[in-house]
Every structure is written in C-alpha cells, then in structure tokens.
Amino acid sequence: MRVNTKLVSWDEIVDWSIHLADIIKKDGFKPDLIVAVARGGFVPARLLCDFLGIDNMLSIQSQHWTEAAKMEERAIIKFPYYIDAKNLKILVVDDIVDTGDTLKLAKIYIEENWKPLSVKTAALQWISPVAKFKPDYYYIEVKEWIWFQYPWTRLEDTYQFIKRMMMETFKETGKREWTYEEILRGFHEWYGIDVGEAYYKRAMEILVEKEIVEFDPDRKIYKLRVT
Ligand code: ADE
C-alpha cells in the first residue's frame, strides 16, 4: 500500500456526528449559528444542526487541501464576506483537523471580521500528532496519519488517486498502458480500498475528459498522456 487510506461510510458519518453533538451538548455550549467550513464541513455541520436543533447555518470556504492527500502551502479564505454577528455564539465545523490550518484560519477570520460573542470549533476527527491546532470539540482522535476517504469526496479522490498511481508507475517503470482491470487491481494494491464500479467508471471518464489519459476503444486500453 502506498497511501494509508480508510474508506468512511455515510453510516459512520452519522454515527460520529451524533457522538460529536452529544459532546457539545454535555459541555453546555449552545451555538446560535453553525458555520460549515467548505467544502469538507458541510455534511457534519448540517448533521450537527439536526442533532443540536439549530436553524442557523452558513458556510465559509477556507482551503488548504485542494487535492486528495496533497496539501497547498497556505490556507486561504476564498470568498471573504461580512455578517453582523455581535450577538451570536458561533460553532465552526469541519470534517477533520489535519494540519489544523484550515479550521484555525476560519476561526481567526470570523473572530476578527464578524466579531461574534464567542467562537468554538468542532471536527469529527483530529489528527493529534500532526495538527498544530486542537478543536474545542472532536469525536475521534487519530493517532497515525491516514487519508480518510469521506463519502463526499469519493469521486474526486478516486480520479486523483488513479492519476497519481498511473503517473508514478510511469516514472518508475515507463508503463503507460493500462486495462480497466489493471487499474482496479492497482487501485486496490496502492490504496487498500475498493470504492465500487460506479466510481471507477466515472473516474476514468473524468481522466479522459481532462486529457490526462486517452482511451483506445479497439484495444480497450487506457493510455497515460505524457507531455
Ligand atoms: N483533508 C485534510 N486532511 C485529510 C485527511 N487526512 N483525510 C481526509 N480528508 C482530509
């Protein structure tokens, strides 16, 4: 296995979100507004609204990880905006705290620009050995870095993982041509997970559309384009 990956199911997300909501409730924190950090925090934030009984939710895009398991240098607030939050207690929610930069930046941005009563942070998972920032609330402490394949990034991750596998294999061995079956087998060997037919098929369509691979319909071969 080349990248330590764990497939996360929708059921696990619901279960983790319920537990996270319980932790927040037990602490006595009742936010007036939940802010989802786009894009990863959307589903957990929406579920927390449900389990904590909160009507007010909006989102801000704080981005660091633009590609699966590949980090940009700096986190940025993509579309900065202002709301009057002076009477609000805010809970900022993301899926995972990895380096911690994304959630930390969202928190600082909100504190400095929206000036709310208070801001707390929550994430389903916190990778404690690498994170420079610890959220106020989390459900799972991850002790060893893993790429979590969340249900909402399944396709994006799949095509990026396949692309990486094909490019690195080419660099190491010169291999450019792959059958569909070889890609599936390779994916499983490299990442140790199986995402299912619907995702592999669409991932290959995307790689063809993006002109990263070409498909030869006669030989049923995917060929990595090399420039
Ligand atoms: N986003 C940032 N870090 C991540 C990780 N380790 N797994 C899944 N998504 C992430």
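Atoms within each ligand, like the ligands themselves, are counted from 1 in listed order.
Using a cutoff of 4.0 Å between basic side-chain nitrogens and carboxylate oxygens, Lys201 and Glu205 are not scored as salt-bridged.
The ligand atoms of ligand 1 that sit less than 4.0 angstrom from a heavy atom of Tyr150 are 8 (C), 9 (N). Interface atoms of ligand 1 facing Ile127, defined by a heavy-atom separation under 4.0 Å, are 6 (N). Near Ile146, meaning under 4.0 Å from any of its heavy atoms, are these atoms of ligand 1: 5 (C), 6 (N), 7 (N). Those atoms of ligand 1 that come under 4.0 Å of a heavy atom in Trp145, given as number and element, are 6 (N).
Considering backbone and side-chain N/O of Asp98, one or more are found under 3.5 Å from N/O of ligand 1. Some N or O of Phe148 is nearer than 3.5 Å to an N or O of ligand 1, by distance alone.
Annotation: Tyr81 is in aromatic contact with Trp114 [ring centroid separation under 6.0 Å].
Looking at Trp190 and Phe161, their side chains never come closer than 4.5 Å, going by heavy atoms from C-beta outward.
Here the CG atom belonging to Leu207 is positioned 8.0 Å from the CD1 atom belonging to Ile183, to the nearest 0.5 angstrom.
Under a 3.5 Å cut-off, the side chain of Lys175 and the backbone N or O of Glu177 do form a donor-acceptor pair.
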